[in-house]
Amino acid sequence: MADQLSRVFQALADPTRRDLVARLAADGDATVGALAAPYDVSLQAVSKHLKVLEEAGLVSRSRDAQRRPVHLEAEVFDLMTKWIERYRQQAEERYRRLDRLLLAESAAQQSEHPDTHTEGAAS
Amino acid sequence: MTTSTTPETSIEAVPDLPVITITREFDAPPAAVFRAHVDPDLFVQWVGPDSIDTAIEVWDARTGGAWRYTASRAAEGFSMGFWGSFHEIRTDERIVQTFSFEGAPDGVSLETMTFEALEGGRCRIVGTSVVETIEIRDQMLASGMETGVLEGYAKLDALLAG
């Protein structure tokens, strides 16, 4: 599992591969030739990048079709969204602990110095 | 406080930058929220879940100071050290610190947190973490999977295998 996860990370760590993914997300399935066109690198280099993305499960290529268009596996990005959501939830849990602490601190302060916080207290 | 107006934490991870931004509001003034970040006795009470014991070893919360603590879960024999420096402490306004942990000792995050006063004695904090590479950033995000790790990974396995 950890290997698979780091493969996804590794695949997305490269700017060309991120660009390929972004273009597939924006424009839909595309052939290797069409994907390689804007870059100043060989078709082989782009194929190599696509192989890394494929091994990470980020893209797939149909086996039978002549053109073998590259297809973005969108559910892997749902996973990224899930990681971010999980991270957010953990931060939220941490901050809810802080909420409770702040509430307790504020209550403690009021009982120590009631006249500075309580309306109508005897002075 | 059952009718808290505090909105939930929001996280932003810009795809092309090794940055995570976190925003949260509190029903308490900046001074109180700031103090909970720099007073070690308060900090240990909220930084980790109840199942984790946080032991502070170094804590010098002033500009140029340092910090270090160990988080452990005795029942599972789990223990992890976290450390960094306090680059700048500006009372009730801003904390700039570095953050590293034993799980990835070569990685360091530069963390800037601002405390902004809102109406009604409330406060908004905005924390920005900057790391060296997008890969490290993504690993930080994935570290959110650490709790509930088994069911999360099982689902991920199934998806990636599909």
Side-chain angles (χ1 to χ4, degrees), chain A residues 1-19 21-22 25-26 53-60 73-110 117, chain B residues 1 4 6-13 15-16 18 20 22-29 32-33 35-37 39 41-50 121 123 125 127 133-150 152-157 159-162:
Chain A
M1 172 49 245
D3 288 353
Q4 190 84 51
L5 197 58
S6 37
R7 239 176 278 166
V8 172
F9 288 138
Q10 211 128 32
L12 292 172
D14 180 90
T16 303
R17 290 198 287 272
R18 278 203 304 282
D19 192 52
V21 163
L53 291 172
E54 198 174 351
E55 280 168 1
L58 290 163
V59 304
S60 63
E73 294 295 329
E75 61 270 31
V76 176
F77 289 90
D78 292 345
L79 277 173
M80 294 293 280
T81 309
K82 280 184 189 126
W83 291 335
I84 293 177
E85 175 54 21
R86 180 77 210 171
Y87 184 86
R88 193 195 70 77
Q89 278 174 11
Q90 285 201 328
E92 176 61 22
E93 280 163 25
R94 194 163 62 240
Y95 287 138
R96 283 188 185 176
R97 289 193 292 272
L98 179 51
D99 282 336
R100 287 194 291 275
L101 177 70
L102 290 167
L103 197 62
E105 286 287 299
S106 152
Q109 253 180 22
Q110 291 212 5
H117 289 274
Chain B
M1 197 172 287
S4 169
T6 304
E8 292 214 345
T9 307
S10 71
I11 300 282
E12 195 189 352
D16 279 348
I20 299 172
I22 189 164
T23 306
R24 179 65 149 73
E25 292 179 9
F26 293 91
D27 290 325
V33 183
R35 199 162 80 89
H37 281 79
D39 181 328
D41 296 332
L42 297 179
F43 183 75
V44 293
Q45 291 181 51
W46 65 271
V47 66
D50 291 345
C123 168
I125 61 171
T133 65
I134 287 175
E135 194 180 9
I136 293 173
R137 193 276 311 272
D138 290 345
Q139 280 166 1
M140 276 176 71
L141 287 173
S143 74
M145 298 283 287
E146 270 168 21
T147 58
V149 67
L150 293 177
Y153 279 4
K155 278 180 202 154
L156 191 59
D157 268 341
L159 248 167
L160 292 171

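Heavy atoms closer than 4.5 Å to chain B are found in both the backbone and the side chain of Arg96(A). For a residue to count as touching a neighbouring chain, one of its non-hydrogen atoms must lie under 4.5 Å from one of that chain's; by this rule Ala28(B) touches chain A with the side chain only. Only the side chain of Leu102(A) comes within contact range of chain B, with at least one heavy atom under 4.5 Å from a heavy atom of that chain. Within the 4.5 angstrom heavy-atom criterion, only side-chain atoms of Ile20(B), from C-beta onward, approach chain A.
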**OP:** Any chance you could lay out the side chain to side chain contact (heavy atoms under 4.5 Å, CB included) test for Thr9(B) and Arg94(A), step after step, and finish with the verdict?
**Re:** CA-CA 10 Å; Thr9(B) 307; Arg94(A) 194 163 62 240; over 6 Å; no
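At least one side-chain heavy atom of Glu8(B) sits less than 4.5 Å from a side-chain heavy atom of Arg88(A). Using a 4.5 Å heavy-atom threshold, the side chains of Arg97(A) and Pro49(B) count as touching.
For the atom pair Leu103(A) CG and Phe26(B) CZ, the distance stands at 12.5 Å (nearest 0.5 Å). Expressed to the nearest 0.5 Å, how far CD1 of Ile11(B) lies from CD of Gln89(A) amounts to 10.5 Å.
Residues Leu42(B) and Leu101(A) come closest through the heavy atom pair O-CD2, 3.6 Å.
Applying the salt bridge (Lys or Arg N to Asp or Glu O under 4.0 Å) test to Asp39(B) and every residue at least two apart in sequence or in another chain returns Arg35(B).
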